[in-house]
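Heads up, the thing below is written out as structure tokens.
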Amino acid sequence: MDTPESNKIVEKYSEDSGKRQLTGFWFLVMRLIAVAMAVFHLYAAITGAVNTQNAIHLLFALPLIFLGYSCRAKDNQRLPWFDVIPVVLAVAVSGYYIMQFDRIIYGLGYLMPTTYDLVFGLLAILLLLEACRRAIGLAFPILVLIALSYAYFGNHLPGVWGHGGFGWADLVATFYMSPTGIYGSLMRTSSTVIVVFIMFGALLVTTGGGDTFMRLSNSVTGGMAGGPAKAATLCSALFGSISGSTAANVATTGVFTIPLMKKSGYSPRFAAATEASASTGGQILPPIMGAAAFVMADVISVSYLEIIGAALIPALLFYLAIWMSVHFEAKRLGLNPIPKDQRPTLREGLFNIETLLLPIIVLITMLVLRYTPTTAAVAAYFTALLIYLFSWRSPGSFMDRLKSIPAALEAGAMTAAMIAVIIGSVAIIASVISLTGLGLKVSSVILVVSGGDVLVTLLLAMVVAIILGMGLPTVAAYMLAASVVAAAFIEAGLPSLSAHLFILYFAILSGVTPPVALAAYIGGAIAGSHWFKTALTATKISLGGFLIPFMFIYHPPLLGNGTPLEIALAVASGVVGIVALAASTIGFFLRPCSWLERGLLLAAALMLINGMVITDVVGIALIAGLFAWQYRLNRTTDSGASLPSKEPTP
């Protein structure tokens with residue numbers, strides 16, 4: 001069960017680590033700004049984006065971060081006087097940009113910056129760094145500072161890593177005023193698409209979506225072996241897709257799922273690792289996929305619908321890997337299902353499910369009909385809002401439900417504000433990488449080291465993506481990794497979409513990969529298990545996620561590229577390979593596996609990666625042979641146990 005010490009660790013390492021609990025006047029100010037931000041973006045999504053929407057987005061977001069997150073831990077119950085200063089400056093830097101918008105953009109003012117431009121630009125950079133430090137910790141601002149230092153001093157570096165050099169005024173103008181800077185295309189994605197989806201997810205969660213997910217998951221899986229772990233897998237998948245945050249997913253669902261898993265017989269370490277792994281995968285599960293899918297759509301200029309279509313099969317395979325791992329662990333330990341009187345019935349699990357189901361159906365239907373993601377999200381949002389307010393099965397009275405809407409708007413705005421400052425900071429790093437050619441240099445080194453071999457290129461890119469993503473939220477991890485290694489994939493001749501999905505997978509899996517493993521740390525804190533051992537177990541459970549990107553690179557039908565027969569065969573071989581991999585890592589198939597059997601299962605799983613007929617046949621034959629062998633051993637054991645004892649007849 002979670003302890004006060006565990007709660008402190010969760011609070012310290014979650015992405016809301018410095019969040020204030022304001023009361024009184026400043027609480028009302030913060031809620032007013034948050035609700036105004038939410039209402040503005042919903043209105044703009046309905047009527048059409050305005051020219052200065054990116055700057056207005058940050059005009060709301062920066063003050064919200066400085067109001068909502070403390071500068072120091074001891075200030076999390078109040079707003080000290082000096083914290084009013086960054087709030088005022090945050091309004092000033094975006095307000096100035098809005099007032100000068102026509103001159104900057106249409107008059108090409110960013111090519112001839114004034115002194116005021118440079119002053120406000122420098123302030124904008126400093127405020128973004130401080131906002132990121134408060135919201136997500138020190139690691140990412142340090143990366144931004146390293147990027148800035150490289151842009152300014154990189155001309156002194158020898159060899160391939162050097163560049164021509166840039167003046168400070170040129171850099172500030174580029175970051176603050178250019179179409180590729182803080183208020184540029186990346187912020188456009190945040191201000192027009194991401195914010196509406198975040199609002200939609202916050203509404204679902206605030207109006208009881210988390211309870212519904214948990215109740216439904218337990219009713220569906222409670223009667224199975226290892227039911228609580230399977231419920232955690234299902235619940236974290238559903239919740240993680242809409243939450244936009246791996247750390248928040250672990251902290252929110254883990255306090256319910258981890259104690260249940262421990263009570264049913266799983267070790268604290270395995271329970272925490274299961275929750276961490278399942279929460280991590282929510283960021284790759286359609287239809288929402290956190291926020292990274294929207295950024296990816298903008299970066300590679302493909303439709304959001306195409307991205308979620310390509311991501312669906314790999315995401316389902318990822319969750320199959322976790323599901324089979326917890327299943328084999330339950331069988332290995334001999335765990336029983338949840339007693340019938342302790343789990344909700346299916347009818348109870350489906351109670352009020354329309355609040356979740358109908359909005360998601362509306363969302364997917366409109367995307368399939370080729371409406372823009374923003375329009376689809378707005379339609380889904382108001383569908384969820386109307387059902388929640390007017391359904392007789394919604395909790396509380398109509399007035400109680402109406403009073404809860406500002407809290408939902410505030411929750412969505414706070415999350416959107418955090419993503420906005422992350423994206424603003426990512427834009428700085430992306431600009432540096434573009435200006436200095438750093439991405440091409442890293443990609444060239446990868447290609448030289450790999451000698452053009454695709455597998456070695458993928459392995460090197462995997463390592464780089466995991467390292468760059470450690471400790472960072474999904475959007476920042478993906479953008480940073482993509483900026484550095486994507487060019488290597490393109491040079492190697494890989495399709496852009498599959499290359500970026502590959503990068504996204506490993507940027508996200510850094511959440512369970514030592515030595516940082518933020519998701520595993522939070523899960524371990526709740527469970528009372530050692531974080532490093534939890535991270536190693538989570539890596540083992542998520543091992544399918546480490547192989548799936550290689551599978552869809554070598555076998556494109558897994559991304560939906562091919563005939564129905566090709567896709568069906570790819571899915572079938574993928575399923576068999578994932579099951580074999582889970583059995584190998586856990587050490588149980590139909591019965592406990594010897595080390596030889598585990599090695600053969602692992603070899604069979606690896607043979608099913610590239611989709612070649614010969615390797616598929618050999619891999620499936622190995623698995624079928626082991627299945628028959630263990631089935632025969634089980635039959636022999638059962639028969640021996642049932643034989644009558646041969647005692648002498650009297």
Side-chain angles (χ1 to χ4, degrees), residues 15-16 18-19 30 33-42 44-45 49-50 52-69 86-87 89-95 97-98 123-137 140-141 144 175-176 180-202 243-245 248 290-299 373-374 377 409-431 472-480:
E15 287 167 9
D16 291 337
K19 201 165 186 180
M30 185 176 72
I33 296 174
V35 171
M37 177 182 183
V39 171
F40 166 76
H41 284 295
L42 288 171
V50 298
T52 56
Q53 186 160 326
N54 299 358
I56 295 173
H57 186 53
L58 212 53
L59 177 69
F60 284 117
L62 277 172
L64 275 180
I65 295 298
F66 289 118
L67 288 171
Y69 292 84
V87 173
L89 291 177
V91 173
V93 295
S94 292
Y97 186 93
I98 292 169
L123 281 174
I125 294 170
L126 294 175
L127 288 169
L128 274 173
L129 290 174
E130 172 61 9
C132 275
R133 184 193 70 82
R134 295 189 185 200
I136 61 173
F140 193 54
V144 178
F175 301 146
Y176 180 59
T180 59
I182 292 169
Y183 298 106
S185 59
L186 283 177
M187 191 62 68
R188 189 73 166 181
T189 302
S190 178
S191 69
T192 57
V193 182
I194 292 176
V195 64
V196 185
F197 275 86
I198 293 298
M199 298 297 302
F200 173 52
S243 71
S245 165
F294 310 117
V295 178
M296 186 189 300
D298 180 76
V299 170
T374 302
L409 293 171
E410 180 188 2
M414 291 301 298
T415 303
M418 182 179 69
I419 291 176
V421 299
I422 292 171
I423 285 181
S425 300
V426 166
I428 295 175
I429 296 178
S431 293
L472 298 182
T474 301
V475 173
Y478 161 69
M479 274 304 302
L480 186 59

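Owing to the predicted nature of the structure, the values given are computational and were not obtained by experimental measurement. Excluded from the calculations below are hydrogen atoms, water molecules and symmetry mates; all remaining heavy atoms, backbone and side chain alike, are included.
Scanning both residues, Met418 and Ile136, for their nearest heavy atoms gives SD-CG2, 4.0 Å. Taking all atoms of both residues into account, the shortest heavy-atom contact from Ala124 to Val93 is N-CG1, 3.9 Å. Considering every non-hydrogen atom in both Ala61 and Ala420, the closest pair reads CB-CB, 3.8 Å.
In this structure, the side-chain hydrogen bond (donor to acceptor under 3.5 Å, both in side chains) partners of His57, at least two apart in sequence or on a different chain, are His41, Ser190. Partners of Pro141 by side-chain contact (heavy atoms from CB on, under 4.5 Å), not counting sequence neighbours, listed by chain and number: Leu129, Cys132, Arg133. Residues passing the side-chain contact (heavy atoms from CB on, under 4.5 Å) test with Ile56 are Phe40, Val50, Thr52, Phe60, Ile98, sequence neighbours excluded. Applying the side-chain contact (heavy atoms from CB on, under 4.5 Å) rule to Ala297 yields the partners Ile307; only residues at least two apart in sequence or on another chain are considered. Not counting sequence neighbours, the partners of Ala377 by the side-chain contact (heavy atoms from CB on, under 4.5 Å) test are Val196, Phe197. Residues passing the side-chain hydrogen bond (donor to acceptor under 3.5 Å, both in side chains) test with Gln53, sequence neighbours excluded: none. Legend: residues meeting ring-ring contact (aromatic ring centres under 6.0 Å, His included) with Tyr176, ordered by chain and number and at least two apart, are Tyr97, Tyr183.
With values rounded to the nearest 0.5 angstrom, Glu130 atom CD is found 15.0 Å from Ile125 atom CD1. Distance check: Met37 CE to Leu59 CG gives 10.0 Å after rounding to the nearest 0.5 Å. To the nearest 0.5 angstrom, Ile419 atom CD1 is 3.5 Å from Ile198 atom CD1. Rounded to the nearest 0.5 angstrom, Ile422 CD1 and Leu186 CG are separated by 12.5 Å. Between the CG atom in Leu64 and the OG1 atom in Thr415 there is a gap of 11.0 Å [rounded to 0.5 Å]. With rounding to the nearest 0.5 angstrom, the CG atom of Leu67 is 9.5 Å from the CZ atom of Arg134.
Residues Val295 and Met479 are in side-chain contact: their nearest non-hydrogen atoms beyond the backbone lie under 4.5 Å apart. For the pair Asp298 and Val193, the minimum side-chain heavy-atom distance is 4.5 Å or more.
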Distance-only criterion, 3.5 Å: show the donor-acceptor pairs between side-chain atoms of residues 423-431 and protein atoms not counting sequence neighbours.
from	atom 1	to	atom 2	distance (Å)
Ser425	OG	Val421	O	3.0
Ser431	OG	Thr180	O	3.2
Ser431	OG	Ala427	O	2.9

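A side-chain donor-acceptor contact under 3.5 Å links Ser191 to the backbone of Arg188.
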Q.
Checking Met30 against Phe66 for the side chain to side chain contact (heavy atoms under 4.5 Å, CB included) test, could you report, in this order, the C-alpha distance in whole Å, the side-chain angles of both residues, the deciding distance, and whether it holds?
A. CA-CA 10 Å; Met30 185 176 72; Phe66 289 118; over 6 Å; no
